[in-house]
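A quick note: this is a predicted structure, and the numbers were derived from the prediction, not measured. No hydrogens, no waters, no symmetry mates; every other heavy atom, side chains included, goes into these values.
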Amino acid sequence: MEKAQANIRINELRAIIIEANRKYYVENAPTLSDYEFDMLLKELEALEKEHPDLVTPDSPTQKVGSDLDNKAAKGKAKEFQQYPHRFPMLSLGNTYDIAEVQAFADRAAKGIGNTFTYSCELKFDGTAICLTYRNGKLFRALTRGDGTVGDDVTENARQIGNIPQQLSGSGWPEEFEIRGEVYMPWAAFDRLNEEREREEEQPFANPRNAASGSLKLIDSSMVANRGLECTLYHMLGEDLPFATHDEALGKACEWGLPVSDKRKLCKSIEEIEEFITYWDTERKMLPFATDGIVIKVNELQYQDELGYTAKFPRWAVAYKFKAEQALTRLLSIDYQVGRTGAVTPVANLEPVQLSGTIVKRASLHNADQMQFLDIHVGDYVYVEKGGEIIPKITGVELSQREPGVTLPHFPETCPDCGTQLVRDEQEAKAFCPNQSGCPTQIKGKLVHFLSRKAMNVIAGDATIDQLYNKGLVWNVADFYELGKEHLLTLDGWKDRSAERFLKSLQDSKDTPFERVLYALGIRHVGETTAKSLARHFGSIDALMTAGKEQLLGADDIGEVIADSIISYFDDEINCETIERLKAAGLKFEVDKAPEQKSDALVGKTVVVSGNFSVSRDEIKALIVAHGGKASGSVSGKTAYLLAGEKAGPEKLKKAESLGVTVIGEAEFRDLIETKEEGTLF
């Protein structure tokens, strides 16, 4: 290619790759598959090799992708403190071709000129983490950042169950770093996306993005509920007492650090290829996503001799698996109406196994996607999932299209209420605008309002159906006007069930403002966004009167969310609902922080399990009032497990395994008793 043409294409490629890096690392919303991205990068590398005078220091070939989001540049404070890496945190060169692995081995052999071995390991599809331990205790956790500087996510890392706060055994260096991957197992990923889809929030594209997004949550208490795990694979430090990489990982395992046991020492390219072939099949049975195999020179002396490029170590390479794909028949298409009115086409498939789970359904997203795929009911379609993407139809096998397949037509009216659909051009989605008259939307809002993460009222879908069908509840405020006489008209309801439901409704009036705001079901306002808005504005009145610029000044609020909030409060029915909920006694402003009564529990995390002489909420309030932190899960950071009657056996078992002190209610009373106040309950 002529130099002028090469320069044009190089600039095009750099712009595409830089934007793809930003979407991948910062927004956790990838626009390209790994394979597409890698092919573009290889094309750029080839052009720069052909025209070395066109290489610039800021080219994506010369530096790693960055997960830093410096919000100070937008007039906002940075969400995380940033610290420099003691040793640069680089990327890995990767390939999809075993011949390039052979070329890597040849280069290593030539550079070393001696006999050596390879450590072959699974490549976990997560987000990079660097842990520093001082005197056996976790000191700091940093993200990769830009390879030179990373975000401090120590408090979030402490919420990941298998990252030890204190090392076991003995013999560890006074200070060392160990690097690895934070990832989300398939079960946790599927559970999280099911929750997000129920709330009509954008699902995470893959486990890697879910893990990265979870590790960057501002509220560290939410991280504990995301099901994250960590695997560590590279130790660094001054004068480490190891001759090989494998020996270092073995010692790390003895100290209680989570190291993968799925690694093998290989002596030849044939053994490496055998390892790759084995895991290309077996990975489908793993409970987590893995997207390749990492091959490293095992001897640390030879790693030092081979050294680094500006971006990659010369002593390691990653062989990437191609995305797992299956061919199955499309049986039918459902058009589902969500609680915010979005109509989503969902493909019903002949069951097929992908990445350790059986896939029976896959989203088709919208009418444009259906048209792009030229999909027909009865077609054989390709479905992908494996570390690349959530179940998604990526193509049609036209060679297997049979006579009689039918072209689906996206409905023009709501499948539930018959209202003419409207098109949201920003999202390419169709919506039913009949928010106050579409039964599915109304019932969806009612279910959402009472759900565990919202008002946490004891009620299932069947109860909502009965209340709606009998005309007892149409608006969420109607719940608080129900009497026992209304509930006794429901099928199967007796005095006790009615009283339990009414008590649950009464208890819900103590729900904090952030959860009440989430319960309202404002489109695009999920659990995290509701917390951010509550923290920023303090009350529903301040939020209702906020203009667009004020809304955009809150953390995590962009144009789409701001417009959705304004639209919600422009609706008179919604404003009337809020006034009725205020009259019922719900909280619509942030509670003032209670005065701390003592420092008896300062710096201590207490997990509460079981039943006590007072409610668990009162117990948790006492923990906070005495300087402690109430948590829902046992980890190495837990100081006490406060166990009442019928305490959870799993929590007791985990506390025992981690050496966490288990105390009862009487011992807890003694802990928080002060000379001035005596026993507090």
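Within the model, atoms CG of Leu122 and CD of Glu181 stand 12.0 Å from one another, a figure rounded to the nearest 0.5 Å. Atoms CG and CD1, on Leu232 and Ile163 in that order, are 7.0 Å from each other to the nearest 0.5 Å. In this structure, the separation between CZ on Arg208 and CZ on Phe189 is 12.0 Å, given to the nearest 0.5 Å. For the atom pair CG of Leu215 and CD1 of Ile160, the computed distance is 5.5 Å after rounding to the nearest 0.5 Å. Atom CG of Asp368 is separated from atom CE of Met370 by 10.5 Å, given to the nearest 0.5 angstrom. One distance of note links CD of Gln435 with CZ of Arg523; it measures 9.0 Å at 0.5 Å rounding.
Remark: Ala224 pairs with Gln159, Ser633 by the side chain to side chain contact (heavy atoms under 4.5 Å, CB included) rule, at least two apart or across chains. Partners of Phe569 according to the ring-ring contact (aromatic ring centres under 6.0 Å, His included) rule, which considers only residues two or more places apart in sequence or in another chain, do not exist here. Applying the ring-ring contact (aromatic ring centres under 6.0 Å, His included) rule to Tyr233 yields no partners; only residues at least two apart in sequence or on another chain are considered.
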With side chain to side chain contact (heavy atoms under 4.5 Å, CB included) as the test, would you mind laying out the steps for Leu581 and Leu520 before giving the verdict? CA-CA 10 Å; Leu581 292 173; Leu520 294 177; 3.9 Å; yes
Side chain to side chain contact (heavy atoms under 4.5 Å, CB included) evaluation trace for Leu364 with Val346: CA-CA 6 Å; Leu364 284 165; Val346 178; over 6 Å; no
Kindly determine whether Asp291 and Lys123 satisfy salt bridge (charged side-chain N to carboxylate O under 4.0 Å, His left out), including the steps that lead there. CA-CA 6 Å; Asp291 58 353; Lys123 184 177 182 296; 3.4 Å; yes
Between Leu450 and Val476, does the side chain to side chain contact (heavy atoms under 4.5 Å, CB included) criterion hold? Intermediate values first, please. CA-CA 9 Å; Leu450 298 186; Val476 296; over 6 Å; no
Please walk me through it: do Ser508 and Tyr480 pass side-chain hydrogen bond (donor to acceptor under 3.5 Å, both in side chains)? CA-CA 10 Å; Ser508 75; Tyr480 296 93; 2.7 Å; yes
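You'll find the side chain of Glu397 stays beyond 4.5 Å of the side chain of Asp379, heavy atoms only. Thr511 places none of its side-chain heavy atoms less than 4.5 Å from the side chain of Asn456. Considering only heavy atoms from C-beta on, Val101 stays 4.5 Å or farther from Ile293 through its side chain. Using a 4.5 Å heavy-atom cutoff, the side chains of Leu533 and Ile565 are in contact. Side-chain contact between Val473 and Ile464: absent, with no pair of heavy atoms (C-beta onward) separated by less than 4.5 Å. Side-chain contact check for Leu543 versus Leu551: some heavy-atom pair is nearer than 4.5 Å.
The pair Arg283-Asp125 fails the salt-bridge criterion, with no side-chain N (NZ, NE, NH1 or NH2) lying under 4.0 Å from an Asp/Glu carboxylate O. Using a 4.0 Å cut-off between charged side-chain N and carboxylate O, Glu194 and Arg191 make no salt bridge. Of the charged side-chain nitrogens involved, none lies within less than 4.0 Å of a carboxylate oxygen, so that Lys262 and Glu282 do not count as a salt-bridged pair. Residues Asp491 and Lys470 are not paired through a salt bridge, judged by the lack of any N-O separation under 4.0 Å between the basic side chain and the carboxylate.
When all heavy atoms of Ile98 and Tyr319 are compared, the pair lying nearest together is N-CE1, 3.8 Å. In terms of heavy-atom proximity, Ser332 sits nearest to Val377 at CA-CG1, 4.1 Å. Shortest non-hydrogen contact noted between Arg144 and Ala128 is NH2-CB, 3.5 Å.
In this structure, Glu412 places its CD atom where only 12 or fewer heavy-atom neighbours from other residues, nucleotides or ligands lie under 6.0 Å away. Atom CZ of Arg500 has 12 or fewer heavy atoms from other residues, nucleotides or ligands within 6.0 Å. More than 12 heavy-atom neighbours from other residues, nucleotides or ligands sit within 6.0 angstrom of NZ on Lys42. Around CD of Gln371, the count of heavy atoms belonging to other residues, nucleotides or ligands within 6.0 Å does not exceed 12. Within a 6.0 Å radius of CG in Asp461, no more than 12 heavy atoms belonging to other residues, nucleotides or ligands are found.
Checked against the 6.0 Å centroid threshold, Phe124 and Phe288 count as a close aromatic pair.
Classified by interplanar angle (parallel below 30°, tilted 30° to 60°, perpendicular above 60°), the ring pair Phe449/Phe479 is parallel.
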